[in-house]
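Input: a single structure, listed below in structure tokens.
So you know, we letter chains A, B, ... as the sequences are listed, proteins then strands, and number each from 1.
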Amino acid sequence: MPELPEVQTVVSTLQPRVEGKRLARVDLKRPDIVRPRGFDLERALRDRTISVIARRGKRILFTLETGEQWYIHLGMTGRLTVESPAAEIAKHTHFIATLAPGGQELRFRDPRRFGGIFWIGTEQTESNLGPEPLGLRPAQLAKRLAQTRRAIKSALLDQNLIAGLGNIYVDESLFLARIHPLAASNELKTEQVARLNRAIKQTLRRAIRHRGSTLRDYVDANGAGGGFQLKHRVYDRAGEPCRTCRGPIERIVLGGRSTHFCPRCQRRAKR
DNA sequence: GTCCATGTTCTTTA
DNA sequence: CTAAAGAACATGGA
């Protein structure tokens, strides 16, 4: 569910309700979602105050008043919401923190458990996470894409190459840039990379404006779904007419992921 | 029962 | 050796 626009929306809706609040009670129902394994998260968070919530790639990064940091990754089905303590506790809720003042609860739910809670602490450990796509310059993107011969689709899914894109927004960005998903990353022309860089930013900005895409699980911190799924040009539209040329959208499997594109609008470079 | 799913990481293959 | 492809993880919905 969560790519950059969804994670950004969660962060934006979380900020006014959680920043400055103290974690008065912390109830970790599934210790195995915490990394490193065996880390005593309840003890580390109890009575701490959250000063800042931010997004880095698909991570929701929390900074405590102590300067210590930790983050939540939503995986595929994760939800991070602020709810009334009276609200029913949904199945697969793994973490509940009571916020003070106010008594509202910060809850993390993740049926598939591909997500998790990651303690960083205060160490300045190097992260391999790639640069943020918004604010990325074309020359920087070109340099990174030149380092691999993989299909551009696979390259853009690599969080170490560029952080925050997932299956939906890679397909949408490639369509907007009119680049075939199987095109070799290192063979893209300068002009194509420039177009791709613009397409990624435009796609992400539009998606954020529409509060993300809700296909199944995704909701923001207030429990509200997004609306960008209605604007998808190719994702999950196999067989439907291209919004540009009316030809049918094609679906292929690439790197184990379903990939959607318009074979007419996204021609492969002749070689 | 089958297939598929917004993600990441470990293993296998080339 | 490295890069890339494939499998695995866990649950639920169509």
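Remark on DNA chain C: of its neighbouring residues A/R216 and A/S154, the 5'-side contact belongs to A/S154, judged by nearest-heavy-atom nucleotide.
Atom P of B/dT11 sits at a distance of 15 Å from the matching atom of C/dA10, rounded to the whole Å. Spacing of P atoms, B/dC3 relative to C/dA7, comes out at 14 Å, to the nearest Å. Separation of the P atoms belonging to B/dT2 and C/dA8 is 16 Å when rounded to the nearest angstrom.
For A/K91, the listed nucleotide lying nearest its side chain is C/dG12; candidates were B/dG7, C/dG12, B/dA5. Checked against B/dC4, B/dG7, C/dT11, the side chain of A/R113 finds its nearest nucleotide in C/dT11. Considering only the side chain of A/R112, C/dA10 comes nearest among B/dT8, C/dA10, B/dC4.
The separation between A/E6 atom CD and B/dA5 atom P is 16 Å, rounded to whole Å. Going from atom CZ of A/R59 over to atom P of B/dG7 covers 14 Å, rounded to whole Å. The separation between A/M76 atom CE and B/dA5 atom C1' is 5 Å, rounded to whole Å. Whole-Å rounding puts the A/R37 CZ to C/dC9 P distance at 13 Å. Here the C1' atom of nucleotide B/dA5 and the NE2 atom of A/H232 are 14 Å apart, to the nearest Å. The CG-P distance, from A/D236 to B/dC3, rounds to 19 Å in whole Å. The distance from atom OH of A/Y71 to atom C1' of B/dT8 is 10 Å, rounded to the nearest whole Å. Rounded to whole Å, atom P of C/dG12 lies 19 Å from atom CG of A/L215.
With respect to the salt-bridge test (charged N to carboxylate O, under 4.0 angstrom), the residues A/R37 and A/D32 do not qualify. Taking 4.0 Å as the cut-off between side-chain N and carboxylate O, A/R79 and A/D217 do not count as a salt-bridged pair. Salt-bridge annotation for A/R233 and A/D171: absent, with no side-chain N of the basic residue lying under 4.0 Å from a carboxylate O of the acidic one.
Within 4.0 Å of A/Y235, counting heavy atoms only, lie sugar-phosphate atoms of the nucleic acid but no base atom. As judged by a 4.0 angstrom heavy-atom cut-off over every strand, A/R149 is placed among residues touching the sugar-phosphate backbone only. The residue A/G166 sits close only to the backbone: its heavy atoms come under 4.0 Å of sugar-phosphate atoms, none of a base.
For B/dG7, the OP1/OP2 oxygens have no side-chain nitrogen or oxygen of A/Q159 closer than 4.0 Å. Under 4.0 angstrom from either OP1 or OP2 of B/dA5 there lies at least one side-chain N or O belonging to A/S258. OP1 and OP2 of C/dA10 both lie 4.0 Å or more from every side-chain N or O belonging to A/H92. For A/T148 and C/dA4, the shortest distance from a side-chain N or O to OP1 or OP2 is below 4.0 Å.
C/dA10 is unpaired under the criterion used here, namely a Watson-Crick or G-U wobble arrangement in which both key atom distances are under 3.5 Å.
For A/T13 (side chain) and A/T9 (main-chain N/O), a donor-acceptor pair under 3.5 Å exists by modelled atom type. Distance alone, capped at 3.5 Å, places no donor-acceptor pair between the A/K201 side chain and the A/L196 backbone. With A/R22 contributing its side chain and A/P101 its backbone, the two residues share no donor-acceptor pair below 3.5 Å.
Ring-to-base geometry does not place A/F114 in a stacked arrangement with B/dT8 (centre distance under 5.5 Å, plane angle under 30° required).
Between the side chain of A/R150 and the base of C/dA5 there is no donor-acceptor pair of N/O atoms closer than 3.5 Å.
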